[in-house]
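Let me begin by presenting the structure, written as structure tokens, before commenting on it.
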2 protein chains.
Amino acid sequence: MLETCRSCVFNSVLFEGLSDEELNYLAGYASFEPFRKSDTVISQGDEVNFISFLKQGLLKVFRKNDDGKEQIISIAKPNDCVGLLTVFSDKHYQYSIAALEDSIIYYVELSRVKYILLQNGAFGMRLLGRVSLAADAIINNAYNIAKKNLRGRIAFILLEFADEIYRNDQFDLPLSRKEIGELIGMTTENVIRIFSEFRHDGILSISGKTITILNKQMLHSIEKFG
Amino acid sequence: MLETCRSCVFNSVLFEGLSDEELNYLAGYASFEPFRKSDTVISQGDEVNFISFLKQGLLKVFRKNDDGKEQIISIAKPNDCVGLLTVFSDKHYQYSIAALEDSIIYYVELSRVKYILLQNGAFGMRLLGRVSLAADAIINNAYNIAKKNLRGRIAFILLEFADEIYRNDQFDLPLSRKEIGELIGMTTENVIRIFSEFRHDGILSISGKTITILNKQMLHSIEKFG
DNA sequence: CGCGGCTTTGATGTTCATCAAGTAAAGTGG
DNA sequence: CCACTTTACTTGATGAACATCAAAGCCGCG
């Protein structure tokens, strides 16, 4: 298992700098699990026993509002440590997580991570950095989206899918129109309306879930000034 | 200095569990600085060399938008570790900080904290918990405010000042109407309009900066359903 | 005293959510 | 595999919430 771990991205992201002994201690109890599209990975309220790492696929992190509506907090992409932020602040997950595509998740026992944390201060410092960065990203994202108008928000997430997730100007949306609304805080109807608008303006070509970005420059300026 | 430190809240909040030796190592190079109302404490871009702790007073943490407008991220109150979140993720502050009231800030050298972090894993674990909690709080706050309507947002921050900061239903607002707008994402005009509305409805009594909450129950239900 | 920033109120227009209604697609059970 | 049900998608009409613009009084400060 050690060799596999050393070469796995999980290692390079989170566990770099650990000794072979430490890595073995973790790896011996590491595991992985495949999920099918739309499977539930974690339910709000579940006990936090593992650190989870998305090896392959795409997840949505979401929670239920007071009024019963779902709100998507973030999209996890490959090589993300899922829910790293809450692992150290709560014994129970405050969010649910579901697979948007077929996914593979690696687990390492949290108790073992904590054990090593106590021995190895440098590891703790790296973790601190990563947790802080993750928090910064979420906070920045939330503020950026909140201050944009609807067209700007749609442009923003389209560019995110194209540039950050699929690295291609044509891709299949892994989210329904409704879910997109839940992600960027607007109604389903307006998501559709603005998609149509962008299609009429020749910015997008849309066929069901398949999106092709035709005028990226325009999309960028809508995102910036929206 | 050791005795002072042991009894200081800074200690109980962040440095509990450290040995006398460790605490001395930090305390020997701790310092404090008083600020007058409206003084700048930290400027966006400053190098992060210290962990700062607000002993007394009130601060605003803010940043400039792309369009030049200021946006208030959070209000720091006594016993808060100011900017704890960015200390471990960046070498430079991404936010500016200014004093809303006369304040006293304690500093501990970051390099010394990091040195102890390397020696003492338990300290790292506590820090991780605190950083995660701070992030959770900011994220929750942002989402909660964003989904409220304007009356709900005003109710929310009035209750925050009354219950969390001043612990009194009468208090002097430390923020201008404009700053309140920057804090909860609305225009100055609408802040004023809703203040007036609340006054007419007998919920508040307003005299310049001095606010008295007359009908707290009403305010709570506006905050909840807004 | 006069200037600039803060406060206040009113009028106007834009943006967005909501409601309604219909079509298309995707599960589901016989 | 087909009828049936549900869920997703789409467009239009309407109204509410909110920003913007305008104008005037107020206050502190050099």
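Between the C1' atom of dA8(D) and the CD1 atom of I180(A) lies a distance of 12 Å, rounded to the nearest Å. One can place NZ of K147(B) at 17 Å from C1' of dA17(C), the figure rounded to the nearest angstrom. If you take CD1 of I145(A) and P of dC16(C), they are 14 Å apart, rounded to a whole angstrom. Following rounding to the nearest Å, E182(B) (CD) and dG5(C) (C1') show an atom-to-atom distance of 13 Å. Protein atom CD1 of I206(A) is 11 Å distant from nucleotide atom C1' of dT10(D), rounded to whole Å. Rounded to whole angstrom, the span from the NZ atom of K178(B) across to the P atom of dT20(D) amounts to 14 Å. When the P atom of dT18(C) is taken as reference, atom CE of M186(A) falls 12 Å away, rounded to whole Å. One interatomic measurement links the two molecules: CG of L173(A) to C1' of dC9(D), which rounds to 13 Å at whole-angstrom precision.
A salt bridge does not link D46(A) with K91(A): every distance from a Lys NZ or Arg NE/NH1/NH2 to an Asp or Glu carboxylate oxygen is 4.0 Å or more.
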Determine whether N190(B) and F195(B) satisfy the following criterion, side chain to side chain contact (heavy atoms under 4.5 Å, CB included), listing intermediate values before the conclusion.
CA-CA 8 Å; N190(B) 280 329; F195(B) 272 16; over 6 Å; no
Before giving the answer on salt bridge (Lys or Arg N to Asp or Glu O under 4.0 Å), spell out for E189(B) and R193(B) the whole-Å C-alpha distance, their side-chain angles and the decisive distance to 0.1 Å.
CA-CA 6 Å; E189(B) 293 96 319; R193(B) 244 183 280 275; 5.7 Å; no
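Judged by distance alone, with hydrogens and angles left aside, R177(A) brings no side-chain donor or acceptor close enough to the base of dT11(D) to form a pair under 3.5 Å. Scanning atom types as modelled, one donor and one acceptor separated by under 3.5 angstrom connect the side chain of R193(A) and the base of dT18(C). Side-chain atoms of E189(A) and base atoms of dC19(C) include a donor and an acceptor less than 3.5 Å apart. Judged by distance alone with a 3.5 Å cut-off, no donor-acceptor contact links the side chain of E179(B) to the base of dC6(C).
S43(B) contributes no side-chain N or O that, together with a main-chain N or O of S96(B), makes up a donor-acceptor pair within less than 3.5 Å.
A residue-by-residue look at R199(B) and K69(A) shows that R199(B) has its nearest nucleotide of DNA chain C further toward the 5' end.
The phosphate of dA8(D) (OP1 or OP2) has no side-chain N or O of K209(A) nearer than 4.0 angstrom. Considering only side-chain N and O atoms, N149(B) lies nowhere under 4.0 angstrom from the phosphate OP1 or OP2 of dC18(D). Taking only side-chain nitrogens and oxygens, T187(B) comes nearer than 4.0 Å to OP1 or OP2 of dA19(D). Contact between the side-chain N/O atoms of N190(A) and the OP1/OP2 oxygens of dA17(C) is found at a separation under 4.0 Å.
Within the 4.0 angstrom heavy-atom criterion, only backbone atoms of the sugar-phosphate kind lie near S196(B); the bases stay farther away. Residue-level contact check: L150(A) touches the backbone only, with heavy atoms under 4.0 Å from sugar-phosphate atoms and none from bases.
Under the 30°/60° scheme for interplanar angles, the aromatic rings of Y106(A) and F53(A) are found to stand perpendicular.
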